[in-house]
2 protein chains.
Amino acid sequence: MNADALRGHMDALLLSVVEHEPLHGYAIIEALRERSGGALDVPTGTVYPALRRLERAGLLAGEWASDGGRRRRTYRLTDAGRKALAGERSAWRSFTTAIGRVLDPLR
Amino acid sequence: MNADALRGHMDALLLSVVEHEPLHGYAIIEALRERSGGALDVPTGTVYPALRRLERAGLLAGEWASDGGRRRRTYRLTDAGRKALAGERSAWRSFTTAIGRVLDPLR
DNA sequence: TGCCTACATGTAGACAGCCTACATATAGAA
DNA sequence: TTCTATATGTAGGCTGTCTACATGTAGGCA
């Protein structure tokens, strides 16, 4: 998976993966890998800053928790995040339609 | 159309649009707009440098021509470009499948 | 005890490519 | 003459993803 291809789609992925259950960063990375069938293996240096960015933007709400001695920051979708996710899904459909038409004009 | 979303997919678009007929930059921009149903309106500051980049990479071959007093640089797909385009199409399918699975896990 | 792996978060700096804004020039219509 | 469409190109900015590094806990195993 080319890194540049992810540009501009990371937000949608992150919001989507915490849609139904709050998750912490490490679990988000695993969820992305599993749900994509192994195609997405996003490095920590991408995910953690992106989560903070989405939190600053008010789309995610983060909270510290601890499991034994391990600290975790768990993120849940805010109402604004839920709206943003709907917009991202819509944008994704428009995007794939537009690119698809250029790459496969016969279909 | 968000600018970042195009990242890493521009090459596929440009190669695809000159697949069956050589075109010059300005015509490529129009072709992208038409074939995408108006969704793609790529600025000249994106296209011209990208075409030069693809030419340097050996995927496109450019040639100057003139229509009256107007100079045009017409690009055609090279053999390497044709192979690259096949790879880009394959990568696009993998990409959309992976992202799609994350965004719509039920389907 | 020491070592390794998995779990867990984070930062600094590099890199690449798309963008805005600007510059230049011809052709043709109003 | 002025405006729009045609046509190409550069300079510099922006930003998000990446690599590489730093830190620490938990638990298994020899």
Side-chain angles (χ1 to χ4, degrees), chain A residues 1-15 18 22-34 36 39-57 59-60 62-75 88 91 95 98-99, chain B residues 1-15 18 22-34 36 39-57 59-60 62-75 88 91 95 98-99:
Chain A
M1 177 70 65
N2 173 25
D4 276 326
L6 267 313
R7 273 275 195 131
H9 306 289
M10 203 66 229
D11 293 7
L13 295 174
L14 295 174
L15 296 176
V18 298
L23 291 174
H24 61 281
Y26 195 86
I28 286 171
I29 291 172
E30 289 185 319
L32 287 175
R33 185 162 40 229
E34 281 160 28
S36 67
L40 292 176
D41 192 6
V42 192
T44 65
T46 297
V47 169
Y48 290 111
L51 289 172
R52 291 297 191 154
R53 180 168 50 76
L54 291 171
E55 190 180 8
R56 275 199 309 279
L59 307 183
L60 292 180
E63 201 177 351
W64 283 111
S66 61
D67 175 27
R70 286 212 188 89
R71 56 202 265 282
R72 293 173 170 173
R73 191 163 182 84
T74 300
Y75 293 93
E88 293 279 0
F95 172 72
I99 308 295
Chain B
M1 176 69 65
N2 172 25
D4 275 327
L6 266 313
R7 275 279 194 127
H9 306 290
M10 204 64 230
D11 292 8
L13 295 173
L14 295 175
L15 295 176
V18 298
L23 291 174
H24 61 281
Y26 195 85
I28 286 171
I29 291 172
E30 289 184 319
L32 286 175
R33 185 161 40 229
E34 282 161 27
S36 68
L40 292 176
D41 192 6
V42 191
T44 65
T46 296
V47 168
Y48 290 110
L51 290 171
R52 291 298 190 153
R53 180 168 49 77
L54 291 171
E55 191 181 7
R56 273 200 310 278
L59 307 184
L60 291 179
E63 200 175 352
W64 284 110
S66 61
D67 175 26
R70 286 213 188 89
R71 54 201 267 282
R72 292 172 170 173
R73 190 163 182 83
T74 301
Y75 293 92
E88 293 280 0
F95 174 72
I99 308 296

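All values below come from the heavy atoms of this structure, side chains included, with hydrogens, waters and symmetry mates left out. In the text below, chain A, chain B and the rest are named by the order of the sequence lines, each starting its count at 1.
One interatomic measurement links the two molecules: OH of A:Y48 to C1' of D:dC18, which rounds to 16 Å at whole-angstrom precision. We find that NE2 of B:H9 is positioned 12 Å from P of D:dT17, with the value rounded to whole Å. Atoms CG (A:L51) and P (C:dT11) sit 12 Å apart, rounded to a whole Å. Across the protein-nucleic acid pair, B:R70 atom CZ and C:dT24 atom C1' stand 14 Å apart, rounded to whole Å. Put simply, CD on B:E30 is 10 Å from C1' on D:dA7, counting in whole angstrom units. B:D67 places its CG atom 10 Å from the C1' atom of C:dA27, with the value rounded to the nearest Å. The CG atom of B:N2 sits 11 Å away from the C1' atom of D:dG16 (whole-angstrom rounding). Look at CG on B:L13: it is 14 Å from C1' on C:dG17, rounded to the nearest Å.
For B:T44, the side-chain atoms get nearest to D:dT8 when compared with the rest of C:dA8, D:dT19, D:dT8. With C:dA8, D:dT17, D:dT15 as the choices, the nucleotide that has an atom nearest any side-chain atom of A:T46 turns out to be D:dT17. Of the candidate nucleotides D:dT15, D:dA5, D:dG9, D:dT15 has the atom lying nearest to any side-chain atom of B:R7. Comparing C:dC7, C:dT9, D:dC18 against the side chain of A:A3 picks out D:dC18 as the nearest. Checking C:dG10, D:dT8, C:dT20 against the side-chain heavy atoms of B:P43 singles out C:dT20 as nearest.
Where A:L6 and B:I29 meet DNA chain D, the nucleotide closest to each residue was compared, and B:I29 sits on the side nearer the 5' end.
For B:R72 against D:dT8, a side-chain-to-base donor-acceptor contact under 3.5 Å is absent. Contact annotation: side chain of B:R73 to base of D:dT8, donor-acceptor pair absent below 3.5 Å.
Within the 4.5 Å cutoff, no side-chain heavy atoms of A:R70 are placed close to those of A:Y26. Contact check for B:R33 versus B:D41: side-chain heavy atoms found under the 4.5 Å cut-off. Taking 4.5 Å as the limit, every side-chain heavy atom of B:T74 sits out of range of all side-chain heavy atoms of B:V18.
At D:dT17, one or more side-chain N or O atoms of A:R53 fall inside 4.0 Å of OP1 or OP2 (strictly under the cut-off). Remark: B:R52 is in phosphate contact with D:dG9, judged by side-chain N or O atoms under 4.0 Å from OP1 or OP2.
A:S66 contributes no side-chain N or O that, together with a main-chain N or O of A:G69, makes up a donor-acceptor pair within less than 3.5 Å. With A:E55 contributing its side chain and A:L60 its backbone, the two residues share no donor-acceptor pair below 3.5 Å.
Counting any heavy atom pair closer than 4.0 Å across all strands shown, A:G45 reaches a base atom.
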